[in-house]
Amino acid sequence: MEIPILPIALFLVICAPSALGGHDYGQALSKSILFFEAQRSGYLPHNQRVTWRANSGLQDGKASGVDLTGGYYDAGDNVKFGLPMAFTVTMMSWSIVEYGKQMAANGELGHALDAVKWGTDYLIKAHPEPYVLYGEVGDGNTDHYCWQRPEDMTTDRRAYKIDPSNPGSDLAGETAAAMAAASLVFRHYNPSYANELLSHARQLFEFADKYRGKYDSSITVAQKYYRSVSGYNDELLWAAAWLYEATNNQYYLNYLGENGDSMGGTGWSMTEFGWDVKYAGVQTLVAKFLLQGRAAHHASVFERYKEKAENFLCSCMKKGTRNVQTTPAGLIFRQRWNNMQFVTSASFLATVYSDYLSSSGGNLRCAAGNVPPSGLLGFAKSQVDYILGDNPRATSYMVGYGNNYPRQVHHRGSSIVSIKVNSAFVSCRGGYATWYSRKASDPNLLSGAIVGGPDAYDNFADERDNYEQTEPATYNNAPILGILARLSGGHSGYNQLLPVLLPPVNHPDPSAQSKTLPSPVSSSTPITVEQKMTSSWTAKGKTYYRYSTKVTNKSPKSLRDLKLSIFRLYGPLWGLEKSGDSYVFPSWLNSLAAGESLEFVYIHTASPANISVSSYTLF
C-alpha cells in the first residue's frame, strides 16, 4: 500500500556521553555481532541483515558426499578453517554464558544466539560419524591466489577431514569444547538441540583423546595458515573443562585433575590466549570451578591451575614476573600480524575473572602487589577503549564505529562491489587488478569487524594490501562480545559463580507498546532519544506501525554534526537524511539549540528500530 507522507514537526535535540568513558558499548556490541553475518557461507536466511552478501559455497562438501554448506569464512578470505571457527563458537558461547543477561538488556541476545547457531549447525554437519570430522573446506594457497567475492568463487573447494588413521586431537578437542559450550547457551531455549550438541561433544572428545595427533599433520594444507604450534594437550583439557561445565560429569572433572600436571595445565604460565594456545582459558575456567567449590578431591591440583591463570592476568597487568609487551599507549602487543586477536581474548579473561573475584570476595595476587577486581575490569576496559578510538591515532579499529575507522579493509567481500549491485562476474585475477589495487574506500561497509590493528609503536596504515593490520577475523570479535555486554550492561548485582539463568529471547508485539521507549543511549550523554508508537493499521495481511522519535538536546550548548545509527529499520523514514551508514540533520537544519528537540518518524512492520547516537559536536 502507499504510505502517505505527513508533515513532520521539528524541534531540537541532544544526548550524553556514555557512563563508562565516552563510548557507546551497546552500539559497539550490536556492530560486533553484525560482523558475523558478513562472514556467513551457504544459503543466507530471510532475516539476513548484511544485505550486500548473497549465497555462496553451495557445493561445499558435495565431492566428498557430505553437506558442508554453511559456517563462517574465517577472515578476509573464502576458506572455512575448522580450528579457528570452532574457537570462535566457543568464545561466543562463553560470552553468552557469562553475560547473556546484559546482551538481552541491550536487545542483542537473539542475534548472538543466531551467530552461535550458524556456527554449530555447520559443526554438526562437519561431524558425520563419531570418529570423522571435516576440518577445512577450500585451500588457502589457491584461495589467496584469487581476489573474488564469495559469491563468485572459482577456487578449489575440496574438503579435508581427520579420522582414526589421520587424527587431529587439537581440532576435535576444540570442536568438542565449542559444542559443549554452545549446549549451555541453548539448554533453556532449545533443549533437544542442546542435547544434540552435547552428544557430538562427547563423541569428539573421545575421538580426540583416543586417537592422538596434531591436526595439521593430517590436514597439511592448514599448516601455512593455522598451524597448531601448542600441540593438542591444551585442547584436550579445554574440551574436558567445557564438558564438565556442561554436564557436571565426574569423568571430566577427574580428567582435569589427573592430567593437569602431565598435560601442562598446571605447569605453563602463559602470555597469550587464542585459537592456538588455550592454556590460559583452561586455567581460568578451572579456577572458576575451584571458586565454585566444584573441585572435589582435586582442589590442590585446581589451585595450581588457578595460580597459572592469575600469572597470566598479572602479566597482562604488568605486575608479574614475565609481563606481556605493550605499545607505548598501552595496547597488548604480541605479534605484527593480527595482533588484536590477543587483545580481545586476554581482555575477556580479565573481565570474567574480575567478576569471579568480586563474587568470591578476592583479589588478584601478583608478584608486584594485589589487584582488586575493579582493576582487572579497568584493564579490560582500557583495551576495549583503545580499540574503539582512545589511542594516539584516534582511530577506531572496529569498522563502522565512530568517524575514523579503516576504510580499505583486507576483505574480499567488502572490497568488491556487491553482486546485488553489479552481477558481472569477478574473475580470480581480475579481482586483484580491479578491486584489490583500488585506492578507495570499500564499496561495502564491513560493520563491526575488528581489524588486525596497529604495530608495536601504535602506528597503522589503512591500506588494503596491509593484511597484517587491516584484515579482520571472526576470532577477533568473538571474545569482545562478552566484554562489551559487561561494559554496556554492568554487573547487575548477581553472583557470577552461580549459574547464570539466561532470560527469554522476546520478540515483542509492537502493538502492546504504548509507552515511550528509550533508545539504548547511555544515560550520561547530553542527547536523549525517545520513541513512541503513534498509530497502527493492517493492510494485505500485514500490520504497520508508525513510530515518532524525539531527539532532545539536554546540554546547555548548541548541538551540531549529529550522527545517528539506526538498526532494524524495515521501512521509510522522514525527518532525517541518510549520510553513508548514518542519519544526520535534514539539509535545512544546521544545529539544535539548548533544550530543543527534533522529531522524525518511520513506518515499518516490526517492533521499534534500534537508534543510538554515533557522534556529535557541542559548541
Side-chain angles (χ1 to χ4, degrees), residues 7-31 106 329 378 381-382 384-398 400-405 447 484 487-490 515-532 534 547-567 569 573-602 608-619:
I8 307 301
L10 290 154
F11 314 94
L12 291 177
V13 186
I14 295 195
C15 277
S18 83
L20 285 172
H23 287 293
D24 188 339
Y25 299 115
Q27 182 195 129
L29 173 64
S30 299
K31 289 178 182 291
N106 202 62
K381 179 182 176 296
S382 72
V384 170
D385 287 348
Y386 185 111
I387 293 171
L388 297 180
D390 291 0
N391 54 66
R393 289 179 49 86
T395 294
S396 165
Y397 294 106
M398 177 183 286
Y401 181 88
N403 295 318
N404 183 26
Y405 53 82
S447 186
L484 291 169
L487 293 176
S488 174
K515 63 182 181 180
T516 298
L517 302 164
S519 184
V521 177
S522 168
S523 61
S524 63
T525 140
I527 305 170
T528 60
V529 180
E530 293 181 313
Q531 299 196 67
K532 183 168 60 176
T534 57
Y547 294 97
S548 171
T549 303
K550 186 167 71 170
V551 185
T552 303
N553 182 357
K554 297 286 190 178
S555 83
K557 299 181 179 181
S558 293
L559 167 73
R560 69 183 179 195
D561 303 326
L562 175 68
K563 288 188 177 181
L564 298 176
S565 293
I566 304 181
F567 296 101
L569 174 64
L573 179 149
W574 297 273
L576 297 175
E577 291 186 3
K578 192 79 183 290
S579 175
D581 198 40
S582 302
Y583 288 84
V584 299
F585 286 152
S587 58
W588 53 267
L589 181 66
N590 294 320
S591 64
L592 289 178
E596 293 186 318
S597 300
L598 163 69
E599 184 179 359
F600 63 91
V601 301
Y602 61 92
N610 188 331
I611 302 173
S612 58
V613 176
S614 296
S615 62
Y616 58 88
T617 301
L618 298 177
F619 66 101

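The shown structure was predicted, so the numbers you read here are calculated from the model rather than taken from an experiment. We're numbering straight along the sequence, starting at 1.
Note that CG of L559 and OG of S591 are 8.0 Å apart. Values are rounded to the nearest 0.5 Å. Going from atom OG of S447 over to atom NZ of K31 covers 4.0 Å, rounded to the nearest 0.5 Å. The line from CD1 of I566 to OH of Y583 is 5.5 Å long, rounded to the nearest 0.5 Å. One finds the CG atom of L564 at 7.5 Å from the OG atom of S612 (value rounded to the nearest 0.5 Å). Going from atom OG of S548 over to atom CH2 of W574 covers 12.5 Å, rounded to the nearest 0.5 Å. To the nearest 0.5 angstrom, L618 atom CG is 10.0 Å from L562 atom CG.
Q27 and V613 get closest at one heavy-atom pair: NE2-O, 3.4 Å. Heavy atoms only, all atoms of each residue included: M398 and Y405 are closest at O-CB, 3.8 Å. Summarising the geometry of N404 relative to A394, their closest heavy-atom pair is ND2-O, 3.1 Å, with the distance given to 0.1 Å. Across every non-hydrogen atom of A593 and S558, the tightest pair is CA-OG, 3.8 Å. The minimum heavy-atom distance linking F585 with L592 is given by the pair CZ-CG, 3.7 Å. The heavy-atom pair separating D24 from Y401 by the smallest distance is N-OH, 3.0 Å.
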(request) Start with the C-alpha gap between N403 and K563, add the side-chain angles, then the distance that decides, and say whether side-chain contact (heavy atoms from CB on, under 4.5 Å) holds. (result) CA-CA 10 Å; N403 295 318; K563 288 188 177 181; 3.6 Å; yes
(request) Mind running side-chain contact (heavy atoms from CB on, under 4.5 Å) on L487 and L29 for me, showing each step along the way? (result) CA-CA 10 Å; L487 293 176; L29 173 64; over 6 Å; no
(request) Test L484 against N106 for side-chain contact (heavy atoms from CB on, under 4.5 Å), laying out the working first. (result) CA-CA 10 Å; L484 291 169; N106 202 62; over 6 Å; no
(request) Check step by step if side-chain contact (heavy atoms from CB on, under 4.5 Å) holds for V601 and L573. (result) CA-CA 6 Å; V601 301; L573 179 149; over 6 Å; no
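In this pair, Y397 and Y386 present their aromatic rings parallel. The plane angle is below 30°, not in the 30 to 60° band.
Between Y25 and D385 there is a side-chain heavy-atom pair separated by less than 4.5 Å.
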